[in-house]
Structure formats: C-alpha cells, structure tokens
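Input: a single structure, listed below in structure tokens.
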Amino acid sequence: MVKFDRFTLDNGLRVLVHEDKTTPMAVVNILYDVGARDENPNQTGFAHLFEHLMFGGSVNIPSYDEPLQRVGGENNAFTSNDITNYYITLPAENLETAFWLESDRMLSLAFSEKSLDVQRNVVIEEFKQRYLNQPYGDVWLKLRPLSYKVHPYRWPTIGQEIAHIADARIEDVKAFFKKHYNPQNAILVVGGHVTTNEVKALAEKWFGPIPAGEKYNRNLPQEPVQTEARAETVTSSHVPLNALYITFHMPARKTAGYYECDLISDILSRGNSSRLCLNLVKGKKLFSDLHAYHTGSIDAGLFVIDGKLLPGIDIHQAEQAVWEELEQLKKTLVADMELDKVKNKQESTFVFSEMNLLDKAMNLAYFELLGDADGFNHEIDKYLAVSTADIQQRAAKLFTKENSSTLYYLAGA
Amino acid sequence: MIDRTIAPAFRQIEKVDLIQAVPLKLDNGIPVYSIYSGEQDLIRLEFIFDNVNWDASRPLQASVANGMLNEGTATLNAAQIAEKIDYYGAFLQTEYTYDHSSLVLYTLNKYLDNVLPVVHDVLTHSVFPVDELEVYRLNHQQQIKVQLEKNDFVARQTLGHALFGSSIYGHPVTVTDYQELQREDVCSYFSTAYQPQNCIIVASGKVNDHVIAQLNSYFGEWKSQASYHKNTFGFTAGQGQEHYIEKPEALQSAIRMGILAINRSHPDFAGLQVLNTVLGGYFGSRLMANIREDKGYTYGIGSALVSLQHAGYLFIASEVGAEVCGAAMEEIRKEVRLLRDELILPDELALVRNYMLGSFLGSLENAFSHADKFKNIYFSGLGYDYFEHYVNTVKTITPQRLQELANQYLDFDRFEKVIVGRR
C-alpha cells in the first residue's frame with residue numbers, strides 16, 4: 001500500500017506527496033503528458049529530442065545538471081510513445097534545489113542554438129547506437145509501421161528517420177514547449193523524507209507563479225480494426241540468426257482486456273515453467289529464445305511474439321508451432337493452478353516494487369495520469385479478477401490471422 | 001517575486017548510517033551475515049560461492065554450472081523447479097561474476113517454508129540433465145553469435161583479454177567453448193565448488209529468528225567433501241597497445257581502453273574513485289562535458305574503476321560516430337593528460353565531493369542495498385570503517401593528492417586501447 005496526499009495548484013499543476021521516513025533521500029518526479037504519439041508525422045522523434053533539450057539550460061539557470069550535482073543530486077529522464085518523465089533523487093534536506101530547477105524549466109527554457117546543435121548530434125548518435133548499429137536494432141522501425149497504419153504509434157520514440165531529427169529548428173522547439181510544457185499538462189510527485197506541508201509550501205513558492213498555459217487536448221487518429229494478415233521479410237548480413245516477430249493488436253491500458261493480455265504473456269513466457277519455454281525452446285527445440293510481451297501503451301497496444309530460431313529450422317515450421325500454442329489457449333481453458341501461478345507472481349512483484357522509492361513515485365505519477373494515483377494500490381485486484389474463461393475469450397479475440405502482422409528477419413549473406 | 005537566478009541554500013551530507021551485517025554461523029560453520037530491515041515482509045537470501053579451480057582449458061565450467069543450477073535435480077526437473085518457485089511468487093536466480101557464483105532467492109516471508117526445500121535441493125542435488133545441457137549449449141552459442149555482432153561486446157572482450165590474458169577475467173568466450181564443453185566438467189565443478197566450506201550466506205530484509213532457524217535446519221548439516229584450490233592471479237601491465245578490429249560498414253566505433261590499477265583493499269582506492277568520478281564517473285564528468293555535451297560525438301561516454309578479487313582496473317568506454325573516432329580518441333587523451341598536468345579547481349572538486357556523497361547516501365535505499373555494501377567490504381577483507389575512510393576521503397582529498405594519483409595510475413600511453421569499427 002503506497003499512501004499519498006494530493007493537491008492541485010491554481011494553475012492546474014497536480015501534486016502528490018508520498019512520505020517515506022525510512023530513507024534520508026527525496027525523489028522529485030515530473031511527468032509531462034506528452035509522448036511520441038503527439039508528434040507531427042513529419043517531425044517524428046521530437047518529444048524525445050525535446051527531452052534532451054530540457055537539460056540545456058532554462059530561462060534563469062544556465063545549467064541544469066551542475067547545481068543539482070552540487071547538492072548531491074542525480075537525475076535522468078525518459079520518453080515513451082505516451083509520456084515524458086523526468087526524475088531527481090537527492091538528499092531530502094536539499095529538496096528545495098529540485099523545486100528551483102524543475103520550476104524554472106517549466107517556466108521557460110533558454111532555447112539556446114548551441115544546445116540544439118549539440119543535442120541533435122547526440123540524439124543522432126543515440127539513433128545509430130541503439131537502432132542502426134545493433135543486430136536486430138531496427139526491428140521496431142519496421143514492426144511499428146507494419147502493425148499501425150494510422151495511429152501515431154506507427155513510429156518509435158527515437159523517430160522514424162534521422163532526417164526528422166537533423167531538420168529540427170529552434171522555432172519548432174519553442175512551439176512544442178508552448179503546446180505541451182505547462183502546469184496543466186504535468187503531474188509532480190514528491191516522495192521520501194518529506195512532509196506534505198513542506199512540499200505544499202515549496203510547490204506554491206516555486207511552481208505557483210507559473211502561468212497555467214493552454215490545455216492540450218489530444219485528438220489522435222485511432223487505428224482502424226485490422227482485417228487481413230500482414231507480413232514482411234527483411235534480410236540482413238548483420239544478423240547471425242533468423243528471427244520471427246508476430247504482433248497482434250490488443251486492448252488499451254485502462255480496459256480489463258489489458259490485464260488479460262498481461263497474464264496471457266506471463267502464461268506463455270514468464271520463466272522456465274512457461275509454455276513457450278517448455279514446449280518450443282526445450283521440447284521441440286525450434287527457438288533459442290522466444291518471448292511473449294506487450295507494449296502496455298495507453299492507446300490500444302501490441303501483443304508481441306519475438307523469437308530467434310535455431311540453425312536449420314524452417315521459419316514457417318517454427319511459426320506454425322507458435323500458432324499451435326496460441327490456438328491451444330483458444331481451445332482449452334488454462335488450469336486454475338497455472339493461472340494462480342502467474343497471478344501470484346504479479347502480486348509478489350508489486351510487494352517487491354515497494355522497496356524502491358523512485359519506482360513508487362513514478363508509479364503514482366503514471367496512475368494519476370491514467371485517472372487516479374490510488375489505482376496503483378488496486379492494480380493487483382484487477383489481475384486477481386481475471387478468470388480462466390476470460391483468458392480463453394481474450395485469446396480467441398487476440399490470436400487471429402487477421403489481427404496479426406508477421407516480420408521474418410532473416411540472416412543473409 | 002522570487003529571484004529565480006539565486007540557488008537555494010544547501011547542506012553537505014554530514015554522516016551516512018549503514019545497517020551493519022550481524023554475523024552468525026550455522027551448525028556446520030557456514031557464515032551467515034544478516035542485514036535486518038522490517039518494513040516489508042520479504043527477504044533475499046544469497047548463497048555465495050567463490051569461483052575456484054580455474055582451468056583455462058575448461059573455461060565455461062564455473063559459469064555453466066551456475067547458469068544451470070535451476071535446470072534439474074535428482075528429483076525435480078527444470079519445469080518443476082520453476083513451478084514450485086513461481087507458484088509462491090518467489091524468484092530464484094543464478095548470478096555469475098568473475099569471482100563468485102551465487103544462487104539468490106527472493107521471497108515473501110510467508111512462503112519461505114514452501115520454497116526453501118527447493119533451494120536446498122538445487123544447491124545439493126543438481127544433476128545437469130543431458131537434454132537441458134544440450135539446449136543450454138545450443139542457445140548460448142546462438143546468444144554469443146548475436147553478441148559478437150555488437151561492437152561494444154567485442155571491444156569488452158578484447159580489452160579484457162588484453163589486460164587479463166587467459167585468466168578468468170580475460171578469457172573471451174567463443175562459440176567453440178560451448179561446443180567443447182563436457183557435461184562431466186560441469187558436474188565435477190558443481191560437486192567441488194558448491195560446498196559448505198566454500199559458501200557464505202547473506203540474508204537481507206525481514207531476517208527474523210524463524211528465517212535463521214530454517215536456514216540452519218536445511219543447510220546446517222550439509223557436509224563438505226571434495227577439496228579445491230582457490231583462484232589466484234597476478235597480472236603485469238602491458239605496453240599500452242592499440243587493438244583495432246575493423247568493421248568497414250560500422251556507423252559507430254566502439255572505443256574501450258583500460259589500465260591495471262588497484263582494488264578496494266588498497267588505501268588509494270577511495271581517492272582514485274574521486275579521480276575517476278571527475279574524469280568520467282558521472283553525467284557532469286569531463287569526458288561527458290567535452291565529448292558528448294560540447295562536441296556531440298556520442299550518446300554517452302564514461303569511465304569506471306573496477307575492483308576485482310585479484311586485480312583492479314580503470315576503463316573508459318564509448319560508442320562514437322565512426323567519422324569522429326580519431327577526434328574522440330584525441331579528446332580522451334587530452335582529458336587524461338589534463339588530470340596529470342593541472343590541478344583540479346576547487347569549485348569542480350567541491351561539486352564532485354557533494355555529488356559522490358549524495359550518490360553514496362542514495363545508494364543505501366533498502367536492506368538489499370545495505371547488503372550489497374557489506375559484500376563490497378567483506379570480499380575485500382575490509383571492515384565497516386572502510387566507509388568512514390571513504391566518506392572522509394571524498395570530503396578532504398586535496399587537488400594535489402589527486403594530481404599525484406593521476407600521475408601514478410593514469411598514464412594514457414600505457415592504456416590498452418581497443419577500437420572496434422572504423423577509425
């Protein structure tokens with residue numbers, strides 16, 4: 001159980017406080033309700049590039065990192081298709097420094113040309129390092145546009161192509177800031193050795209004077225129901241093994257179907273007693289590794305099968321074997337024991353996650369974005385409510401050829 | 001109106017409190033170190049064994065014995081082991097490092113009695129079934145093939161070999177190693193290394209009397225049998241060669257360079273950690289500030305000081321645009337040189353001191369992290385006063401002393417320099 005207090009400033013900034021006196025540290029987590037899905041299709045990768053620019057100095061403070069390090073703090077950030085999340089860990093007695101820094105960059109950035117020049121290069125190197133210069137690194141650059149034809153999930157957070165990042169101009173940066181970075185589009189969570197009263201006073205002092213800005217109203221094109229199977233083949237001399245990827249459209253984060261899909265992925269591939277490991281890796285020896293997982297995105301996401309084949313195995317035979325496992329879930333109810341097993345694992349994972357202050361703060365922010373931070377405390381009930389019949393019905397809807405996109409990633413000369 | 005150009009006041013960290021490990025012994029003498037914290041009803045039990053009997057002609061026997069502990073005992077097959085652990089929401093993991101092989105159990109206290117018998121079975125009766133070994137062997141060959149396509153992986157292996165030769169620290173794992181692996185080597189390694197006289201247990205979390213009693217009832221009568229010899233290695237520094245592995249189509253080049261230094265048991269270690277932090281040990285470090293934040297050559301660059309049981313070394317690693325590889329190498333050389341030629345200015349050093357103290361405080365998040373700190377000192381033969389020495393060194397080391405350390409330990413010409421990609 002993660003307890004918290006909650007209040008909202010006049011300018012619309014939502015603030016949550018989680019007191020945890022077992023640590024001498026404090027964390028400050030700010031989630032901005034903007035991700036790669038909010039980008040212009042001709043300027044993909046912008047939300048992530050922008051995240052880098054948030055460290056390039058703000059209107060009154062030339063350096064973000066330096067003053068934070070000087071008080072013993074550390075920070076980082078990440079961007080997903082849905083959100084951009086910034087976080088600080090620092091000794092609790094120096095908490096005010098975090099408020100000073102975070103509020104100034106919410107107020108306004110320095111918009112320095114030098115910072116834009118450098119971070120464009122840094123992000124292009126990140127693009128190469130993580131997506132282009134790695135075996136299978138570009139898989140999501142191919143799987144996303146194969147699976148999504150309309151919804152902006154069709155490009156990854158790094159961007160669709162390097163040119164989109166290379167072309168970013170300072171005017172675009174300013175416009176993006178104005179549109180997305182204001183109190184109404186943000187959720188602030190402060191946790192650790194702090195009190196709600198202290199956080200309230202600091203929030204009023206540093207964030208209170210920031211103008212509310214305009215509320216961004218998201219209106220994204222939704223992905224139409226897929227009606228026929230899709231497939232694509234890629235051959236690369238930079239990969240040593242054939243690989244198979246199959247995606248299926250799955251329900252959005254806030255629906256019951258999400259929990260069913262999450263448990264299905266556990267039944268299929270969580271640990272050594274899971275079905276894909278037992279039957280296809282060890283039993284039939286078709287794959288050297290094989291996983292089922294999902295993107296867990298806020299809008300309708302993807303359920304993914306991802307495997308590397310053993311030498312000499314025909315990829316269509318391997319694919320057929322995967323389908324037999326999926327059909328099995330549609331045909332036969334899973335045993336109560338098997339479902340209980342994956343539910344128990346979810347439950348203990350929640351307990352273990354309470355060991356980590358930053359995780360708690362991030363979860364509170366994310367669940368507040370979904371509608372209510374307290375949802376984090378009731379998340380496990382939603383898993384426990386799933387029945388074996390629910391699993392079977394969900395599998396029947398999920399695992400159809402019409403709902404599938406298959407990528408054959410082949411090792412070539 | 002507040003003046004946002006003025007930073008709020010702040011304080012340096014005065015003291016750092018550690019939860020000290022309480023030493024106990026099981027009936028057969030296995031040392032148990034208990035780090036108690038009662039906030040959550042969960043525990044972590046680490047069964048840690050020294051790696052022993054290093055034999056360069058059987059390089060995988062220790063890692064495979066460890067990796068396959070969960071894959072079958074005389075009475076349980078791999079799926080049954082996994083099912084018994086998973087059903088109770090527990091996690092049973094193997095961990096292999098250069099110096100140690102561990103089996104780690106995470107469980108809620110209420111299920112300890114259900115899962116501990118499985119842990120006991122795994123540690124005393126693993127059999128490495130022929131079928132499972134075959135799968136393991138095939139699948140790891142596949143993984144190695146993928147890894148060898150990654151420039152940073154090749155650079156890591158190449159540097160390890162340059163520094164540590166064919167010792168356990170330096171052996172570059174190949175596909176052939178897996179092909180030549182013999183089941184009997186794995187079995188004999190298991191029966192030699194996984195013995196009470198080679199074991200310590202580190203227990204953290206809600207380690208109450210019941211936990212200790214259960215450990216004693218399952219492991220207190222375990223007897224040692226075969227004898228083994230400890231791994232011992234000594235290394236001499238090379239000349240500082242360049243090791244270039246060309247990948248004509250690389251978009252980026254992996255740079256990795258390293259030099260033998262000292263490990264935690266040496267009195268200079270804490271000071272060298274400060275120097276390493278200045279150079280490349282945090283986001284604001286000189287390497288990051290210059291090569292990422294000023295030049296934009298890379299997504300990331302850093303350095304680290306590594307303490308092994310029988311050696312210590314410092315390395316610098318990055319992946320840089322292939323066309324700027326030479327320029328990046330030159331900037332790295334300049335930054336290392338600068339530490340030897342010029343005193344660190346007080347302002348920068350003050351920042352690094354505070355950053356390191358905050359980072360140390362922040363690394364003590366829960367019982368598990370306090371246990372990790374204990375392992376650091378235990379395996380270096382140090383006591384808790386090491387942490388006082390560390391904090392004191394971070395707070396007081398002078399620029400002059402740091403310059404001396406740079407001149408003593410960081411000679412750029414003597415670094416082994418690996419480039420994989422294009423230069």
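When heavy atoms are compared at a cutoff of 4.5 Å, B:L251 approaches chain A by way of both its backbone and its side chain. For A:P311, the parts lying under 4.5 angstrom from a heavy atom of chain B are both the backbone and the side chain. A:F352 touches chain B through backbone and side chain together, each having a heavy atom under 4.5 Å away. Using a 4.5 Å cut-off between heavy atoms, B:A90 contacts chain A through its backbone alone, with no side-chain atom that close. A:L241 touches chain B through its side chain: at least one heavy atom from C-beta onward sits under 4.5 Å away, while N, CA, C and O do not. Proximity to chain B (any heavy atom under 4.5 Å) is shown, for A:R270, by both the backbone and the side chain. Contact annotation for A:L357: both backbone and side-chain heavy atoms come within less than 4.5 Å of a heavy atom of chain B. Using a 4.5 Å cut-off between heavy atoms, A:T22 contacts chain B through its side chain alone, with no backbone atom that close. Contacts between A:K114 and chain B at a heavy-atom distance below 4.5 Å involve the side chain alone, from C-beta outward. Contact of A:L278 with chain B is made through the side chain alone, with heavy-atom distances under 4.5 Å. With a threshold of 4.5 angstrom between heavy atoms, A:L309 approaches chain B through N, CA, C or O but not through any side-chain atom.
The closest side-chain heavy-atom distance from A:K341 to B:Y88 is not below 4.5 Å. Between A:V351 and B:L108 the shortest side-chain heavy-atom distance falls below 4.5 Å.
In this structure a side-chain-to-backbone donor-acceptor pair under 3.5 Å is present from B:Q40 to A:E354. The closest donor-acceptor contact from the side chain of B:N366 to the backbone of A:M355 lies under 3.5 Å. A:Q134 places no side-chain N or O within donor-acceptor distance of the main-chain N or O of B:K150, the cut-off being under 3.5 Å. With hydrogens and angles disregarded, a donor-acceptor distance shorter than 3.5 Å links the side chain of A:N94 to the backbone of B:R11. Between the side chain of B:R4 and the backbone N or O of A:W206, at least one donor-acceptor pair lies under 3.5 Å. Looking at A:N344, its side chain never comes within 3.5 Å of a backbone N or O of B:G89 through a donor-acceptor pair.
For the residue pair A:N60 / B:T5, no side-chain donor-acceptor distance below 3.5 Å is found, with atom types taken as modelled. Between A:N356 and B:E365, the side chains place a donor N or O and an acceptor N or O closer than 3.5 Å (distance only, hydrogens not considered).
When all heavy atoms of A:V118 and B:E293 are compared, the closest pair comes out as CG1-O, 3.2 Å. B:G358 and A:P91 get closest at one heavy-atom pair: CA-CG, 4.2 Å. Of all heavy-atom pairs between B:G296 and A:E125, the closest is O-CG, 4.0 Å. Between A:S273 and B:A82, the shortest heavy-atom contact is N-CB, 3.5 Å.
When the candidates A:R130, A:K285, A:H238 are compared by the number of heavy-atom contacts under 4.5 Å with chain B, A:H238 comes out ahead. Of the listed residues A:S288, A:S103, A:G56, A:P135, the one with more heavy-atom pairs under 4.5 angstrom with chain B than any other is A:S288. In terms of non-hydrogen atom pairs under 4.5 Å with chain A, the most contact-rich of B:F360, B:Y106, B:Y355 is B:Y355.
Under the salt bridge (Lys or Arg N to Asp or Glu O under 4.0 Å) criterion, A:R275 pairs with A:E338, not counting sequence neighbours.
Here B:E71 pairs with A:K282 in a salt bridge; the nearest charged N to carboxylate O distance falls below 4.0 Å. The residues B:E323 and A:K128 are annotated as salt-bridged, a charged nitrogen and a carboxylate oxygen being separated by less than 4.0 angstrom.
Within residues 277-291 of chain B, the residues having any heavy atom under 4.5 Å from a heavy atom of chain A are, by residue number, B:Y282, B:F283, B:G284.
Heavy atoms from other residues, nucleotides or ligands lying under 6.0 Å from CD of B:Q179 number more than 12.
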